[in-house]
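Notes follow the structure.
We count ligands from 1, going down the list as the structure has it; atoms in each ligand are counted the same way. Here, residue 1 is the first one in the sequence, and each next residue gets the next number.
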Amino acid sequence: MGTFDRDLSLTWLGHNAFHLVTPGGKHVLVDPWLEGNPMTPVGGSPIERVDVMLLTHGHGDHTGDAVRLAGRFKPTVVCNYEMHLFLQRKGVTTTAPMNKGGTQSVAGLSVTMVHAIHSSSFEDGGQIVYAGEAAGFVLGLENGTKVYFAGDTGLTMDMTFVGTLYKPDIAVLPIGDLYTMGPREAAHAAKMVGAKWVVPCHYGTFPALTGTPESLKAEMKALGVTSEVVAPKPGEPLR
Ligand code: NI
Ligand code: MN
């Protein structure tokens, strides 16, 4: 098992859902889609506490369980302004809206919203509702460790700013292709970001998401990118 050696625990819950426990014991949930997620670990969600929820965009494969879990655990829900308005109408009262380029402190963690190239909407009662622009996050932990969650995105030169400005230790990148970057693009993203570790996600959920960690490793090797690819099984905590 790969190790971050950063006093944190990161568990992939399949697709783009992650459960991170910080050095200070805060529980962070990213893009919760658990019910109906074919990659969600057998036995259901191990979630028993959520202090902070990060939502990259409105698509159901990222927000499917957001309202339910926000109601149950009352985390601070970080999202863009449009998603904040939508979630408030759904009864989520603990939102902390922001927009790209900004940073805020949430539960003792720093959260920076960064650019992503993707669409975004909610499906609500048969209607398609505007959900602002898709985004990524750089999460700063109590011990200075930084984790970049790219969200759903294509390759963009803006990732160079993520590398030079925020210098993340861990980069969580989509590799499934079709709706996001595939391995080839993700290898270039890894090069721009320059994190020590790369955690691939948004692959294997459906047959159409064809990217694999093995192909990512091959593309990175061909590019001379030395970041270590850490690809856990869903439900397997990385520490
Ligand atoms: Ni999406
Ligand atoms: Mn998606």
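The nearest N, O or S atom of His62 is closer to the Mn ion (ligand 2) than 2.8 Å. For the Ni ion (ligand 1), the N/O/S atoms of His118 include one lying under 2.8 Å. For the Ni ion (ligand 1), the N/O/S atoms of Asp152 include one lying under 2.8 Å.
The aromatic rings of His62 and His57 are tilted relative to each other, their planes meeting at an angle between 30° and 60°. Ring-plane geometry between His15 and Trp33 is classed as perpendicular, the angle between the planes exceeding 60 degrees on a 0 to 90 degree scale with a lower cut at 30.
When the N, O or S atoms of His59 are ranked by distance to the Ni ion (ligand 1), ND1 comes first. For His202, the N, O or S atom closest to the Mn ion (ligand 2) goes by the atom name NE2. As for His57, its N/O/S atom nearest the Ni ion (ligand 1) is the one called NE2. The atom of Asp61 nearest to the Mn ion (ligand 2) is OD2, with the search restricted to N, O or S atoms. Taking the Mn ion (ligand 2) as reference, the nearest N/O/S atom within Asp152 carries the name OD2.
Contact check on Glu133 versus Lys100 returns a salt bridge, with a Lys/Arg side-chain nitrogen under 4.0 Å from an Asp/Glu carboxylate oxygen.
Closest of all the heavy-atom pairs between Asp65 and Leu34 is OD2-N, 2.6 Å.
Just one of Asn80, Val67, Val129 meets the side-chain contact (heavy atoms from CB on, under 4.5 Å) condition when paired with Phe86; it is Val129.
No more than 12 heavy atoms of other residues, nucleotides or ligands lie within 6.0 Å of CZ in Phe161, so this atom counts as exposed by the packing criterion.
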